[in-house]
Colleague: 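For reference, the structure I am asking about is given below.
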Amino acid sequence: MSVRIPNTLGLDAFTDNWFEYADEEQLAACLAKAPKPWLPVGAGSNLLFSKPAVEGSVFHCTDTSWEASRGNGYVRVRAGAGMCWDDFVKLCVDNGWYGAENLSLIPGDVGAAAVQNIGAYGAEAGDLISSVEVYDTVRGHSRVFFPDECEYAYRSSVFKKSGKRYFVLKVVFKLSLQPSFSLEYGNLAARIEGEPTLQKVRDAVIATRQSKLPDPQVTGSAGSFFMNPVVSKKDFAALQKRYPDMPHYPTATGRGVKLSAGWLIDRAGCKGMTAGDAAVYEKHALILVNRGKASAGDVIRLASDIIERVEAAFGVRLCPEVETV
Ligand code: EPU
């Protein structure tokens with residue numbers, strides 16, 4: 001029987017082979033009978049299904065369990081890949097564990113967060129991860145990746161680059177018990193009255209996100225559709241001469257300069273652009289929304305029109321953050 005695959009863009013996507021697993025043993029049993037190709041999905045918040053009938057098999061982890069152990073000044077939380085990411089953040093905030101609060105309200109599951117290295121307001125999931133337990137579908141057994149093996153970079157990891165080889169089972173996070181906040185990004189400090197607390201920071205992040213991003217329950221979207229592009233320092237200098245107000249950020253490696261895709265799309269005049277029922281979100285140009293019955297073709301057409309316009313205006317080629325399957 002055909003099962004509808006969850007995806008926050010709200011596109012039609014169905015599979016005849018839907019498998020749910022809570023642990024390694026169940027996953028191995030599912031894989032043994034599942035036609036290839038194999039696609040693990042979390043909440044489907046970063047996926048664009050290019051056609052309604054999805055080939056092969058789709059897997060979803062239902063492990064939402066967690067356990068915590070305290071060390072000296074820190075706590076380790078081992079969470080199931082199927083735990084809702086924001087439930088994890090709330091758990092940390094409620095218990096006085098520092099580090100995840102800037103990542104409040106990001107859609108998706110814990111497993112996908114470790115693959116995608118989700119980030120917001122100066123924090124990234126990879127910075128909090130002390131190990132990732134995966135099932136290696138090539139070798140047919142589980143293994144653990146430690147941070148130096150995860151190859152975390154901006155919205156990237158070894159898991160993302162390995163073409164669905166690894167299915168995440170558990171993620172172990174290390175959070176601090178000492179108060180420490182990072183409020184310089186996105187004007188969070190201005191939204192906080194008095195001394196910051198974990199709850200105040202979480203509330204400020206939620207309010208900021210809600211003011212700019214569409215509510216996934218109401219309007220289909222996949223969050224930021226494109227990555228913020230990195231250009232050489234030389235190209236940046238030339239751009240900055242023409243556009244002195246262009247937002248820019250240092251990169252983690254110090255090589256090149258990161259630009260704001262939202263600003264480039266906005267300045268290229270793309271707000272208001274549509275293709276069928278797919279549209280550029282009026283409050284944030286980096287978000288493509290489904291106004292109702294958008295097809296994958298509509299979203300893909302709109303995305304390529306945007307890429308062309310931005311390239312013509314600035315000579316910068318945008319790359320999607322959303323993964324097309
Ligand atoms: N901007 C415009 N016009 C727009 C939208 C943005 O001029 O329509 C400008 C803003 O004024 C600002 C700059 O672009 O100067 C950057 O915008 P914003 O602060 O909203 O952040 P972003 O770079 O667009 C990134 C992440 C978001 C994350 C925010 C906050 C990426 C691809 N996106 O967006 O992550 O929430 O920072 O930290 O890195 C996601 O990945 O799905 C996501 C929502």
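Just so you know, these numbers come straight off a predicted model, no measurement behind them. Position 1 is the first residue of the sequence, and the numbers go up from there. All ligand and atom numbering here is 1-based and tracks the order in the structure. We use all heavy atoms of the structure for the numbers below, so side chains are in, but hydrogens, waters and symmetry mates are not.
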Colleague: Show the atoms of ligand 1 that are less than 4.0 angstrom away from any heavy atom in Gly223.
Modeller: 42 (O)

Colleague: Could you find the nearest protein heavy atom to atom 25 (C) of ligand 1 and give me its residue, atom name and distance?
Modeller: Asn228 ND2, 4.2 Å

Colleague: Taking non-hydrogen atoms only, is Tyr185 closer than 4.0 angstrom to ligand 1 via side chain, backbone, both or neither?
Modeller: neither

Colleague: Apply side-chain hydrogen bond (donor to acceptor under 3.5 Å, both in side chains) to the pair Ser57 and Lys33, showing each step before the final yes or no.
Modeller: CA-CA 10 Å; Ser57 306; Lys33 57 188 176 195; over 6 Å; no

Colleague: Does the protein place any heavy atom closer than 4.0 Å to atom 29 (C) of ligand 1?
Modeller: no

Colleague: Can you confirm whether Glu25 is buried at CD, in the sense that more than 12 heavy atoms of other residues, nucleotides or ligands lie under 6.0 Å from that atom?
Modeller: no

Colleague: In terms of side-chain heavy atoms, does Ser104 have a donor or acceptor partner in Arg202 at a distance below 3.5 Å?
Modeller: yes

Colleague: Is it true that Glu151 and Lys161 have a side-chain N and a carboxylate O under 4.0 angstrom from each other?
Modeller: yes

Colleague: Are there protein heavy-atom neighbours of atom 10 (C) of ligand 1 below 4.0 Å?
Modeller: no

Colleague: So does Lys164 pair up with Glu323, basic N to acidic O under 4.0 Å?
Modeller: yes

Colleague: Check this for me - ligand 1, Lys283, N or O atoms closer than 3.5 angstrom, yes or no?
Modeller: no

Colleague: Would you say the side chains of Thr15 and Asn17 form a donor-acceptor pair under 3.5 Å?
Modeller: no

Colleague: Around atom 41 (O) of ligand 1, find the nearest protein heavy atom and jot down its residue, atom name and distance.
Modeller: Arg155 NH2, 2.9 Å

Colleague: Specify whether the nearest protein heavy atom to atom 39 (O) of ligand 1 is under 4.0 angstrom away.
Modeller: yes

Colleague: To the nearest 0.1 Å, how far is atom 33 (N) of ligand 1 from its closest protein heavy atom, and which atom is that?
Modeller: Ser224 OG, 3.0 Å

Colleague: Nearest heavy atom to atom 24 (O) of ligand 1: which of His284, Lys212, Glu124, Arg209 does it belong to?
Modeller: His284

Colleague: For ligand 1, is there an atom lying under 4.0 Å from some heavy atom of Arg267?
Modeller: no

Colleague: Please determine if Ala222 has a nitrogen or oxygen closer than 3.5 Å to a nitrogen or oxygen of ligand 1.
Modeller: no

Colleague: Which of the numbered atoms in ligand 1 are below 4.0 angstrom from a heavy atom of Phe226?
Modeller: 32 (C)

Colleague: Which of parallel (below 30°), tilted (30 to 60°) and perpendicular (above 60°) describes Tyr98 and Phe181?
Modeller: perpendicular

Colleague: Distance under 6.0 Å and angle within 45° of the ring axis: does Arg70 meet both against Tyr74?
Modeller: no

Colleague: Quick one: which of Tyr249, Tyr281, Phe225, Trp263 has a heavy atom closest to atom 16 (C) of ligand 1?
Modeller: Tyr249

Colleague: For ligand 1, which atoms sit closer than 4.0 Å to a heavy atom of Tyr154?
Modeller: 31 (C), 32 (C), 39 (O)

Colleague: Do the charged groups of Glu133 and Arg78 touch, with an N to O distance under 4.0 Å?
Modeller: yes

Colleague: Would you mind checking which non-hydrogen protein atom is closest to atom 14 (O) of ligand 1, with the distance to 0.1 Å?
Modeller: Ser260 OG, 2.8 Å

Colleague: Could you tell me whether atom 3 (N) of ligand 1 has at least one protein heavy atom nearer than 4.0 Å?
Modeller: yes

Colleague: Is the contact between Ala285 and ligand 1 made by the side chain, the backbone, both, or neither, using heavy atoms and a 4.0 Å cut-off?
Modeller: both

Colleague: With under 30° as parallel and over 60° as perpendicular, where do the rings of Phe167 and Tyr21 fit, or are they tilted in between?
Modeller: tilted

Colleague: Would Ser142 and Glu24 satisfy side-chain hydrogen bond (donor to acceptor under 3.5 Å, both in side chains), going step by step from the backbone distance to the final call?
Modeller: CA-CA 7 Å; Ser142 59; Glu24 178 185 351; 3.0 Å; yes

Colleague: Which atoms of ligand 1 sit under 4.0 Å from any heavy atom of Ala120?
Modeller: 28 (C), 36 (O), 38 (O)

Colleague: Please work out whether any backbone atom (N, CA, C, O) or any side-chain heavy atom from C-beta onward of Pro247 is under 4.0 Å from ligand 1, and answer side chain, backbone, both or neither.
Modeller: side chain

Colleague: Checking Arg191 against Thr208: is there a side-chain donor and acceptor pair closer than 3.5 Å?
Modeller: yes

